[in-house]
Amino acid sequence: MKIICGMLGHETNTFSAEMCDFARWSQTGWFHGEEVIRGYEGKGDYISGMIDVARKRNIELIPTMSVLDAGPMLLRETVDYAMGMILEVIEAHKDEIDGICFALHGAGCAEGIECLEKHTLEKMRGIVGDELPIMITLDLHANMSDAVVNLTNGMFGIKQYPHTDKFEAGQLAMECLANLIEKKASYYTAHVKLPLLVPAPLGNTYTGPMKKFTDYSLAFREEKSLVDATVLHGFPYADRPQAGMSIITVSDKSQEHADETARELARFVWENRWDTVGESLSAKEAVDRALEIAGVPGEGYVVINETSDNPGGGTPCDGTGLLKELLSCQGVKSILAYIHDEEIALAAHAAGVGGKVSGLLGAKADTLHGEPIEIKDAYVAALSDGHCIYNTPVLYKQKICYGKSARLTIGSVDVVVCENLAQQTFDNMPFVMVGADIDQYDLVCVKSSNHFRAWFESRAKGIVAADPPGIQTANLLQLPFKNVIRPAFPLDPDMELKL
Ligand SMILES: [Zn+2]
């Protein structure tokens, strides 16, 4: 059996003032051809799960390319470039392949392309026709539509945020595809769209309110003997008609079974929709609350996560809202990782360890995430080349490079500055690489909404989310929506829905 595989994913924040070229899309790395297998085998990602099943079932994989990240709206030429690499391989092997197993994201948008997933699948179908089976995996933040569902033979979304179950989704997709090709099973997919916009900062499925939906869907899958059942949170920061929550069920019994269970699961979610609404604290409110927790007897640091500038949701990673508040709290030992500011990172490297740096720090990408902070004679405490290997289970053992990085000391505040990456803080490595022992700080601050929890939750004394102005705010009422279908909860809190 021969199966085409690969990964093409983008979580597009359409409120960004920037545009995303291929260099930005692939900032955390990308693979082409056989590199895809070498890059992902033995890791914990979607493709790793697909490879795992392929090895066990003696399936020959034909890899295309892989790239996945969040960011601003994709340029059309960028999509065409990546798509060209995929379609070239499919075209070359179209007469010998038995199926396609692909990791998509579900919230991609580009210039002139409303839905990257629909565009991708239509391009694939254009070469292989309607009969060849195609199965896909989806991110929890996928904005699904019937159009995408109808282009596939099965879709398998992850359930956890932090995204620690990508491997299992990849395994399931490849397993079902192989079963379908060998005619061991038939699969029926159902999709119910809910007019429900869930702020990503409230999406924590391990200890937050969304745990209820994940736990329920996993038990529901067992109880109803479904192949899969997923409550996709959706990604409201991609302001498109397909934005919002979706319920996906996959049955190996009948279409009716899939449809009925999807509606039942959708009813449960809708009845509990108020669980998707939460608080939004200013930077000052968050710091005050964190200091209260720090003041309670007990060991450990308190984490403040600046969720409104979470580059994992397409923000610039140079917002100054939280940093400004930390600098006003001199005497409190705090550290923030990190601000993406090439100019200051390179100035720190030019000054050297023990040197001083002056200039404007942060808030250079746009005017939506605070104002640049003027630093004078900030002390260069440590430097790094930025090469790391992730500790987080979300991207376990994968390589990453933050570029030339520095730890600057400004009074009692340490701030990590990096040259070339707008990526969220997943684990302790952005601190370790610049010699910081986070156990020695009162407040440890990160730019992330939830993925940081996979590493920090069990280690921190407490966690507080800060939500200064930014395009991944927890308060959706602050965003200038134009394209989402109304009414939608919570923008229209009194709306009614019959399911
Ligand atoms: Zn996601």
Side-chain angles (χ1 to χ4, degrees), residues 7-16 20 25 27-28 44-47 49 66-72 74 102-109 115-117 136-144 148 155-170 173 196-206 208-211 213-214 217 230-238 240 242-246 248 276 305 307-315 317 390 392-396 398 422-427 446-455 465 471-474 476:
M7 178 163 75
L8 188 82
H10 197 255
E11 187 173 272
T12 308
N13 194 318
T14 60
F15 297 109
S16 173
C20 189
W25 194 2
Q27 61 171 353
T28 56
D45 224 298
Y46 302 100
I47 301 180
S66 64
V67 62
L68 189 147
D69 202 1
L74 289 160
F102 230 83
L104 301 180
H105 182 288
C109 309
C115 172
L116 179 63
E117 289 66 34
I136 62 170
T137 58
L138 289 170
D139 189 272
L140 187 68
H141 298 107
N143 289 326
M144 247 328 92
V148 173
M155 49 174 55
F156 305 90
I158 55 172
K159 282 86 180 150
Q160 303 290 359
Y161 186 23
H163 298 339
T164 50
D165 54 342
K166 292 182 282 186
F167 185 86
E168 288 81 3
L196 189 44
L197 304 174
V198 181
L202 302 174
N204 171 14
T205 59
Y206 279 89
M210 303 299 278
K211 181 177 191 299
F213 296 147
T214 291
S217 67
T230 311
V231 178
L232 296 172
H233 293 188
F235 189 68
Y237 311 92
R240 289 292 177 270
Q242 68 268 25
M245 233 181 186
S246 279
I248 304 283
T276 66
N305 64 299
T307 190
S308 48
D309 182 24
N310 165 28
T315 73
C317 196
Y390 283 118
T392 174
V394 179
L395 295 162
Y396 193 54
Q398 294 187 32
Q423 178 59 284
Q424 68 187 297
T425 314
F426 281 94
D427 54 27
V446 299
K447 286 180 180 285
S448 178
S449 291
N450 276 302
H451 284 321
F452 74 99
R453 289 178 182 273
W455 197 88
I471 58 171
Q472 194 164 312
T473 174
L476 297 182

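No experiment lies behind these values; they were computed from the predicted model shown. Whatever order the structure lists ligands and atoms in, that order sets their numbers, starting from 1.
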Fill in the blank from the handout: Contacts of Y390 meeting ring pair (Phe, Tyr, Trp, His ring centres under 6.0 Å) (sequence neighbours excluded), chain-then-number -> F426
Exercise for the section: Please state whether the separation between the Zn ion (ligand 1) and some N/O/S atom of H163 is under 2.8 Å? Expected result: yes
Problem - Nearest to the Zn ion (ligand 1) - the N/O/S atom of D139, by atom name - result: OD1
Completion exercise
Sorted by chain and number, sequence neighbours left out, side chain to side chain contact (heavy atoms under 4.5 Å, CB included) with P201 holds for P199, Y237, T307, S449, Q472, A474
Practice task
State plainly whether the residues K447 and D309 are in salt-bridge range, i.e. N to O under 4.0 Å.
Solution key: yes
Completion exercise
Correct closest heavy-atom pair for L476 and T473 would be CD2-O, 4.2 Å
Exercise for the section: Verify the distance test for H141 against the Zn ion (ligand 1): any N/O/S atom under 2.8 Å, yes or no. Expected result: yes
